[in-house]
Structure formats: C-alpha cells, structure tokens
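Working notes, structure below.
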Amino acid sequence: MADVIVGHDRDQHADPAAAEAADAERTLLITGIGELVTNDATLDATVPIGRSDAGGAVGVLWNAAVLIEGERIAWVGSVQRAPDGADAVVDAGGAAVIPGFVDSHTHLVFGGDRSAEFTARMSGHRYEAGGIRSTVAATRAAGEEVLRTRLHRLVDELRDQGTTTFEVKSGYGLDAATEAISVRLAREVTPEVTFLGAHVVPPEFEGRADEYVDLVCGEMLDACAPHARWIDAFCETGAFTVEQSRRVLEAGSMRGLMPRVHGNQLGAGGGVALAVELSAASVDHCTFLSDADVAALAGSETVATLLPGVEFSTKQPYPDARRLLDAGVTVALASDCNPGSSFTSSMPLMVALAVREMGMTTGEAVWAATAGGARALRRDDIGVIAPGRRADLVVLRGPSHAYLAYRPGVPLIERMWMGGVEHC
Ligand code: NIG
Ligand code: FE
C-alpha cells in the first residue's frame, strides 16, 4: 500500500561522524495518510464536523502528512500544507497511521515452554502462580546464549507486530546469578528493564519466604540494580504478601529503581493499594478490584495496566476497563508476554480483546496500547505523534485504526519507523 515515490541515495560519507550528522538532519515526509491517530488532544479540533468514525481516537487528522527529521517528528498536519523539499517521500496510499505500540509489561527472558499447562487449562484446570517454578527450572538450565537467542527471537516477533518500545522483566532466575544474567540480557534490547526477583518463592526457599525476601533485597538487588530502571513484585496469594512486597519495592527505591506492581490478578488483595501508596508508575493486571481500589487509582498517578492476554489464556474473567475509564483512571494495555499466563507478543490482539471483551472503544484501546503504555513507563517522548516526539510510527494495512479490532488475527503492520529508522 505504501510506496516511496521520491528519494535520494544516501550521501556517501567516508567520515562516520559526518554520516551520522547527515542522518540526524535527514528528512522523510510521509504523505497520503488517510487517518492519522496522533494521541495529541490539541489536534482534536481538526476533525471535520460530521465525521464520526474516529471511534474515540484522540487527535485524529484526515488526509494528513508527517515530516520526520532524524529520529524525531518535525511537523504534523494536513497533506495540503505539507512542507516541500524532504529528502524522501513515502505515500501511505490512504492507510491509517498510529504511534508505535508501547508494550509496558513483558517477561521475555526464559527457558522452556508451558504448552502442556495451557492445554490442561483449556480442559478445565485453574491457572496458579506456582507454574512459574517450572519456567524457573528451565531458565536456570538454559544458559546465557540460549536465553539471548530466544530473547532476540521474541523481540523480532513483537517488532513485526508494531511494537516500538517494550519493557522486559527478570523473574525466572530467582537466584542472584540467573537474575543478573536476565537483567543484563534485557538491557541489551531495551532501556525499560525491570528487576522482578519477587516473582514467586523458589523451591529451595519453600516455607522460608521472608528469608528469600532478604536475598532479593540484598545480594540479588546488588547484582541487578545496575542494569535495571524498575523494581516489581508479584503481590498476590501464592506469591508475596503486601508486607513482603513493600519491603522489596522500598529496597529497590533506595537503589534508585522506580516501583511497579503485579497485583489483583487472581483475586482481590492489597496490590493496588500498595502501588498507590508507593506512587508506583503502574499496577498491572487489575482484574479483581474493589470500589476502594478504583477510587484510589482515580486519585493517583498510578496507571492501571490491563493484560487481556492473561484472561484469554487462563479463562479468567476480563478486567472491567469501562469501570476504570469512567472513574477517570489512566488505563494502559500490555501483552504480559510470558510462557505461563500469556504467551503472545501481539499488541494488536490486546486491542482487539479490549474492544471485544472489556468495554473499550477502538480509540480508547489504541490510546491505551500506545500513549497509555508510555505513561506506565513514565515516558513523555513516545506514544504520541507530535513535533519533538520520537519518530515511532506504524502504517497500518487498512484505512482505520479500528482494523486492529475489526480484523483480529490478521497481519496489519504495513510499515514501521522506530526513531526515524524504518524497520524491515
Ligand atoms: O504477569 N503474575 C505473575 N507473573 C506472570 C505470570 C508468569 C507465569 O505464569 O509464568 C504474569 O501473568
Ligand atoms: Fe507479568
């Protein structure tokens, strides 16, 4: 659908610094954009009166163009006013363009798989947090090179589905050495690295959870903190209590890591309240919420990150996104890609599930999977197509962002730019 219609060969520079400087100034105009979802609310006024098919998307421009300069967006507007003289021009051929997906919750470093557990669940077995231990055994046995190869394969997979920024957690090593390898590998592929030593209590600490928490807050944190930006804890029956989770999150904060929480996945509990108390960037899952949880989230800076791949794969009820949105809570969508509860890296699938099963409009779901993810990672350079932001954008194979829900399971990523560089 999209075609380069004008372009100059890249200047031949013998000097790499000069080549880099030329790349930093190089301009690309994407024109012929049928529907541009910017997520920039200041652009709402440009939606022509009478056009009602934006599905709640924020900052939609019709017949738009985007100018990219180096790794940033330089200009956004109507195609008629597009600046002349770009180094290259791409015609999107009437397709929709959205910000690249921001997947703020994944667990991509692991060995083995749990397809047998999935199969058993589909015939009636319940999901239990304890299944994590089988992945811990496989991860410890895998070795660094195998883990790296598998991680890179998953990164390729999520990029091919339109994800331009993603977070990666540790949490399948659960000893100091394997957790350190996990965060180091994660740091090779993303700056958004989360230390999740408090995922479950490993078998060698069975019945000694507090001693394990000592290890997480001590030697393990020492080994992992230099490679991580975030600290996380699974605050749930079968994993860690509120008190244990608080200890871990506070220890991480003391080392400069910012908190995020797994909570309220398998039942009502104190995860959300703890996340709000600690001003965590995000509390993830939020499947079982009390009215007090919803009110606390609404009055906070903490994003509620919903992970519908988990409910799809565990047959639990989906979280009630409508209830959260109507209360004024900031909602993000993420894949939670992991071998146990959600072995998918597809953000388009998350959008489709959120629209079909969770009461979100198509526009709300796209916002949550892009700008919402950016909020959950406390990033203001991504998730929005506006001048000055990173040039992370996706040309869809279709005229509307609604195709992401309307055509589930179909490859819809036509082209994608990450920091102004095309992903091929
Ligand atoms: O986010 N909830 C805790 N951790 C993962 C599940 C990991 C697993 O089952 O292996 C999650 O769903
Ligand atoms: Fe998770």
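Atoms within each ligand, like the ligands themselves, are counted from 1 in listed order. Being a predicted model, the structure only gives us computed values, none of them experimental.
With salt bridges taken as basic N to acidic carboxylate O contacts below 4.0 Å, one links Arg184 and Glu144. Comment: Arg375 does not engage Asp380 in a salt bridge, judged by the lack of any side-chain N to carboxylate O separation of less than 4.0 angstrom. We find that Arg121 and Glu117 are joined by a salt bridge, their nearest charged nitrogen and carboxylate oxygen being less than 4.0 Å apart. Classification of Arg26 and Glu69 as a salt-bridged pair fails, no side-chain N sitting under 4.0 Å from a carboxylate O. A salt bridge between Asp222 and Arg255 is present, with a side-chain N of the basic residue lying under 4.0 Å from a carboxylate O of the acidic one. Taking 4.0 Å as the cut-off between side-chain N and carboxylate O, Arg379 and Glu192 count as a salt-bridged pair. A salt bridge does not link Arg229 with Glu167: none of the charged nitrogens is closer than 4.0 Å to a carboxylate oxygen.
Nearest to atom 6 (C) of ligand 1 among the protein's heavy atoms is Tyr127 OH, 3.2 Å. The single protein non-hydrogen atom nearest to atom 4 (N) of ligand 1 is His199 NE2, 2.7 Å, given as residue, atom name and distance. Nearest protein heavy-atom neighbour of atom 12 (O) of ligand 1: Ser341 OG, 2.5 Å. For atom 1 (O) of ligand 1, the nearest protein heavy atom (residue, atom name, distance) is Asp336 OD2, 2.7 Å.
Judged purely by atom type and a 3.5 angstrom limit, Arg260 uses its side chain to pair as donor or acceptor with the backbone of Ala376.
The ligand atoms of ligand 1 that sit less than 4.0 angstrom from a heavy atom of His105 are 1 (O). Per-residue contacts place Ile132 under 4.0 angstrom from the following atoms of ligand 1 (heavy atoms of the residue considered): 7 (C), 8 (C), 9 (O), 10 (O). Counting atoms of ligand 1 from 1 in the listed order, those under 4.0 Å from a heavy atom of Gly340 are 8 (C), 9 (O), 10 (O). Within ligand 1, counting atoms from 1 as listed, the ones closer than 4.0 Å to a heavy atom of His285 are 1 (O), 2 (N), 11 (C), 12 (O).
Residues Pro308 and Leu333 are in side-chain contact: their nearest non-hydrogen atoms beyond the backbone lie under 4.5 Å apart.
Ring geometry, Phe110 versus Phe343: the interplanar angle exceeds 60°, so the pair is classed perpendicular (tilted spans 30 to 60°).
At a cut-off of 2.8 Å, Asp284 does not coordinate the Fe ion (ligand 2) through any N, O or S atom. Residue contact annotation: His262 places an N/O/S atom under 2.8 Å from the Fe ion (ligand 2).
Rounded to the nearest 10 degrees, the angle NE2 (His107) to the Fe ion (ligand 2) to NE2 (His105) equals 100°.
Ligand 1 has a nitrogen or oxygen under 3.5 angstrom from a nitrogen or oxygen of Gln265.
Of the candidates Tyr172, Phe234, Phe110, Phe343, it is Tyr172 that places a heavy atom closest to atom 7 (C) of ligand 1.
Residue contacts with ligand 1, taken as heavy atom pairs separated by less than 4.0 Å, do not involve Glu236 at all.
Distances from the Fe ion (ligand 2) to each N, O or S atom of Asp336 single out OD1 as the nearest.
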